[in-house]
4 protein chains.
Amino acid sequence: MKELFPMIPKIDYEGPDSDKELAFKRYDPEAAVDGKTERECLRFSMAFWHTMTGEGKDPFGDPSAVRPWDGVDDPMEAARMRMRGLFELTEKLSIPYFCFHDRDIAPQGETLRETNRKLDEIVALAKELMKTSPTRLLWGTANMFSDPRFMHGAATSPDPNVFAYAAAQVKKAIEVTKELGGQNYVFWGGREGYETLLNTDTKREQDNLARFFRMAVDYAKEIGFAGQFLLEPKPKEPTKHQYDFDAAACYGFLSEYELLPYFKLNIETNHATLAGHTMQHELRFARERGILGSVDANQGDELLGWDTDQFPTNLYVSTLMMYEILKNGGLHSGGLNFDAKVRRGSFRPEDIAAAHIAGMDSMARGYRAASRMIADGALDAPLAERYAGWRSGIGASIEAGEQDFESLEAIALDMERIALSSGRQEFLESVVNRYI
Amino acid sequence: MKELFPMIPKIDYEGPDSDKELAFKRYDPEAAVDGKTERECLRFSMAFWHTMTGEGKDPFGDPSAVRPWDGVDDPMEAARMRMRGLFELTEKLSIPYFCFHDRDIAPQGETLRETNRKLDEIVALAKELMKTSPTRLLWGTANMFSDPRFMHGAATSPDPNVFAYAAAQVKKAIEVTKELGGQNYVFWGGREGYETLLNTDTKREQDNLARFFRMAVDYAKEIGFAGQFLLEPKPKEPTKHQYDFDAAACYGFLSEYELLPYFKLNIETNHATLAGHTMQHELRFARERGILGSVDANQGDELLGWDTDQFPTNLYVSTLMMYEILKNGGLHSGGLNFDAKVRRGSFRPEDIAAAHIAGMDSMARGYRAASRMIADGALDAPLAERYAGWRSGIGASIEAGEQDFESLEAIALDMERIALSSGRQEFLESVVNRYI
Amino acid sequence: MKELFPMIPKIDYEGPDSDKELAFKRYDPEAAVDGKTERECLRFSMAFWHTMTGEGKDPFGDPSAVRPWDGVDDPMEAARMRMRGLFELTEKLSIPYFCFHDRDIAPQGETLRETNRKLDEIVALAKELMKTSPTRLLWGTANMFSDPRFMHGAATSPDPNVFAYAAAQVKKAIEVTKELGGQNYVFWGGREGYETLLNTDTKREQDNLARFFRMAVDYAKEIGFAGQFLLEPKPKEPTKHQYDFDAAACYGFLSEYELLPYFKLNIETNHATLAGHTMQHELRFARERGILGSVDANQGDELLGWDTDQFPTNLYVSTLMMYEILKNGGLHSGGLNFDAKVRRGSFRPEDIAAAHIAGMDSMARGYRAASRMIADGALDAPLAERYAGWRSGIGASIEAGEQDFESLEAIALDMERIALSSGRQEFLESVVNRYI
Amino acid sequence: MKELFPMIPKIDYEGPDSDKELAFKRYDPEAAVDGKTERECLRFSMAFWHTMTGEGKDPFGDPSAVRPWDGVDDPMEAARMRMRGLFELTEKLSIPYFCFHDRDIAPQGETLRETNRKLDEIVALAKELMKTSPTRLLWGTANMFSDPRFMHGAATSPDPNVFAYAAAQVKKAIEVTKELGGQNYVFWGGREGYETLLNTDTKREQDNLARFFRMAVDYAKEIGFAGQFLLEPKPKEPTKHQYDFDAAACYGFLSEYELLPYFKLNIETNHATLAGHTMQHELRFARERGILGSVDANQGDELLGWDTDQFPTNLYVSTLMMYEILKNGGLHSGGLNFDAKVRRGSFRPEDIAAAHIAGMDSMARGYRAASRMIADGALDAPLAERYAGWRSGIGASIEAGEQDFESLEAIALDMERIALSSGRQEFLESVVNRYI
């Protein structure tokens, strides 16, 4: 098969002192770490939409990206080239997985029936390519936000025909995810929310959303799709408010509608920051409730107010993200999907490789830092000391359920000044610096 | 009894054209509206802390407020003056309720036992004053954030002694709330959260918080306190993250720990905006889940990032707040508590009156606007039309649970382009303007 | 000529009680106000880009708008239809002006020479239409942000060829603005800034920007274009940082490069809020320095972090905006340009009319409120009182330049506590409510 | 003299692998770097207010800090202890400088005359301590924001008596700064701005501010104070808007009032981020205009909206800050002042040392990273390549002033598609990671 990206070689590991643009400095796919290879531990994934379908547009700018399929008029031929390009790049970059939306990989037709036919053709190509490639599918999803039929929502549209269309679309998307051996299926409800409360029946819309999810659960069971369902929180953009605002809102929603057994979360760094949370916060919240499923690894710019989907290079984010993931026993069927796009000014194909390398090196370095922090008990030991009071005496008694307000009042009424311990935030921040 | 605020007269209603500083232009306490008086409908409350205890400090500035108890050295004498001042001002301003924290109304002693004695003395004074005053207690609460013992949390402190102290403090606060006929009891966990995840066992802290709430529920039952328990969401400040981030997070927490039957929410405008939500959003979310309990009426400055607790003068906020409250059938045992402080530069006693008047006029005007909007169906009619598809045909069938992904696919596969309706946001915004 | 928008009638004034969607409730174009008609006072303008070229896209969504030129394959024919549509809608809506970017009104060709030819053809059409229409050109500008050649900036591009291209493009845009009788010419440097400081020579870029502006000034003089040059501040989006961050940054830049005599500012509400300022702040800053030129009237959502360009319906913004404009003696050659787009869900042509009506009614109501506030001295009187100390005694002496640190120390050393006046913010906010 | 902080030893350098809380891991005061010692290069300074006067309060919390002067009733004795403590800690921490506000170091009296007497006494003590200590004064300033007399501003107060008082206070503060050999004098106008435009004569206030600065310039000249005057930008908090919003606003102000020759800027990280800028942006802006004077080294939390004044531990900030400082040829008479406070929960004296160590290690590591990046041309080489077009041909001709719109149009009219270079943001971010 003709190489589509001849300017991008197979990327080798050269070590931390290399200044070569197209080389790994930290990610060494075959290196052993914690009894596996780094490739196995990190479970990187390429996002089809940003890297294969993305054109370098922004709200004020036309496409800028230079890609092998520029000027190819036939949408299906371009779609085939993109799929081949995906396999070529994931292999060259030692990325074991990819993720896609249905509409990323194949164009729409006049009807959903025709659209599905086009999709089937590309799915068949992907399946064929998998035969000779190590690249696998991390998750699939349905794009129910780009087409204007979804302008008022998909499962939460005021129009039941849109609900029906969305149902049919997700049915098919689950089928093709299964067909390609996808390990998870993601729901990101970009239009499931509101633009203004003045025109929105929020209760009905959320009831319908839950109804939709139950149908999806039923259908997956029916066809024997065993992948994990993942909900992806985001607070806003494109809509003013999205129902799946953050991990806590998703948890509440899943709980309210009795969907907790069927869903975990796919957590994205830039979505976390748009909600006013750190990525670590969102991962921690999900981890402690057993719903940390997968990660969309990118980063935002906290001084900007929109979803910039930058490649994740910040070592604080990667280290603390990995810390939570390691505490979770890994991501299980999930992975680290680069839901990140090259900057509009990084328009060359080479920039795709450079950007993924920057992200992968950052993640690998974060992984090693977090792993050593845990091995050394660098944070765990001060934490254990800080909460030591709960392991005996009145603390243990409270946690054992032996106390009430009256018994505690008896202790407190004549209590002397309580000798507290310092929170030591500054020291702990310097500990993290030591490991980076 | 000697008048403490002779510069503030009894405030009269003079109508919308009055330009007098100390007169109501919109709030007419005895005017009939929806079968009650405005006083009964609006259930205004004065916040003891801002208005009686507040000193006009900010993080960069010393006290500026001029108050009748300035220079009174004995803290108990100042406390008595403040309580008398509260009754004087609520009566002059036709405000039927007040709210307080335990530490607002009486100073601390060396031990909790001594503190409780001081509190009892002031509570007795308040009870005495109620005999001849129409002013009643909307809710009480415990201040578990000012004293340094709570620097790492109260119910979520790493130190179980602090948990015990907090338990004893809340026990007493519930007792005095009951003693004063309080209709609700509020929990605002200003320190229940974290400064940094590096030193925080978030799981244990939230388990303990839930444990604490259960003890409170048990104790209220034991002593026969029939008031409503209210949880108050706030995302941050003073801590980096507060567990009760927003209404959705509170809902999820109450659900996770099976506390939903015992709690409603006390929702504050400025807390909503700090969480990235409109006040209407928070009220709507709570209303639809049956947990809209009470309102802390203030406003923030959306261009500033901290809790400014300004008096609520924005007519959009008041109108849409009242819209949700009316849809809720009113606030029941809750009220509109002015959790608002005069600006530091509004240091005169007269400014207290002017600020409350500004807020009350704004609320009254919002009430009338919302009431007319509802009576006219100004928003309801377009809403009903927008969701009409769900009342028959496939919409009704979906909501009746008769459809699944396969039956819906059959409808959608060859569907023509769906004819959507406009969201009409701009028109609906102009409708609201018409009623303001 | 065939009507393009038959569903939009000529919009009549029906008064504040009308609930008709397509009628003015507040804007009465021919009503007399301050010795002119409202049409003359308000100088409304329609933005060609949003209303004629806008397609209802967003970063996550495809075009949704339904427009008369949908399906017209020839770009020049579509351009002609759009220009006719502009004149039809401005007349129906009693909007006396319009504004455009060069690329809004005509498509690009293979070379700039060809592009200019296409532009000339459409400009000729506009000129022809003006013969029988009252619609006039408020300002023209050049789009130097959409085409990928400007991805790294236009006048601030690292590539001098882009500078040259931009120069040629602005030369032509000034020429056609002059040809159409434009009263102003606007520079909005959407890409004049940086994405990252790591790759940017900020000093050289700003030197080049100033050089570019001087060339523009020279060229305007050369061809006798007497319109006002306007610089439009915006802090960010599409770039991370734009050099023309806010009014203060523009002022500093113009001062540094000695361009102050040639430029005023075109101030946009949503750009102000993205910079952390109120619109009134930006207008005030410009007004006090004699550089308030024109206004892009829209509004943002302060809880969202991007440029939403909503139609301006907030009465606080319109009232305080008009207050500053009236204090400026009006906008002179400037106007109130609706740099606002219908929401993506408001996709019908009728929504264009409803949205402009909402904006115009809000502005007209704000104008009347501000005019009455000024006539009554509602804010001026308290202001004069607040600063009264500067009109005599030590205040007047300081302002007369008669004092220095030593003479003032002599006064202050033994000064008693200074008796300050209240800032009365809450009362003044209630005054504004009285006039809304 | 009795040691005040016996729990804090002299801090030694132990190298990057040390896990000791009270040891330097990166800052090695006597190590040679770029021909000086690290101590000389980094010019660290301790902030008297946070570290000596700070009590661990926040807007919702009472003092928490444990300090040697707790319980000392005589304010002058406490002031003496604090000054001794300052010298003890700076020596133990190898911090060569300190900074103070007048009111940090000595309490107020009944009159300014009495206040000055108290100040003189403490200044005499500081001077005495300097005889045997290497600690020197980086800068002094006047606190004109805490006392309620400044509630409406100091030099911008509506009351001229406040202007006079402020003048007298700054006169004295400059005198004591000179007396103590201070190398700079800082103006931070915390109250010089507005709370609401409704009550503010912004023009008069800024005129008065400039008048005040000119008096200060004159007085410094008169008494022969040769230190550098520094203006400190901050956008907001405590006031809604501060006139010295950011570096660009300060530049514009200084330019407008012809004060540029007399002032440089003191730039603070957390103030930069509150204004929506990175620290590097503010430093760059000032550097390129020759007004980078000094640095208040701290960090904010970009997910919080207020001035958290945290100790600076983020290595990205320290590296890029040092990059700009090195490009500036160092800070000259300025320094790196830790305008940072220990978290309220870090209440022990030991936390003061741990926090400064965390900050100093971060700065030292950033210094070395930036120095190596510059030595290697790691960013400079790609930058030179990116702008190469300006060094010859049309680029050089434009910069030489040889071109105008007409000559450039001749080049552009038939120009082929311009071949741009990639911005390479992702790669450059990975380069920074390599040096951290």
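Quick note on labels: first sequence line is chain A, next is B, and so on, each numbered from 1.
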Between CE on residue B:Met151 and CZ on residue D:Arg343, distance to nearest 0.5 Å: 13.5 Å

Selection from B:Lys240, B:His241, B:Glu195 maximising heavy-atom pairs under 4.5 Å formed with chain D: B:Lys240

Contacting moiety of B:Pro63, where chain D heavy atoms sit under 4.5 Å: backbone

Side-chain donor/acceptor of D:Lys236 to backbone N/O of B:Leu303, under 3.5 Å: yes

Pairwise distance CZ(D:Arg149) to OG(B:Ser64) - rounded to 0.5 angstrom: 13.0 Å

Rounded distance [0.5 Å steps], OG1 in B:Thr239 versus CG in D:Leu304: 9.0 Å

Mutual orientation of the aromatic rings belonging to D:Phe60 and B:Phe145 [parallel < 30°, tilted 30-60°, perpendicular > 60°]: perpendicular

Winner by heavy-atom pair count (cut-off under 4.5 Å) against chain B, out of D:Lys57, D:Glu237, D:His152: D:Glu237

Atom group of B:Asp307 that falls short of 4.5 Å from chain D, counting heavy atoms: side chain

Option from B:Ser146, B:Pro59, B:Pro238 for which side chain to side chain contact (heavy atoms under 4.5 Å, CB included) with D:Asp58 holds: B:Pro238

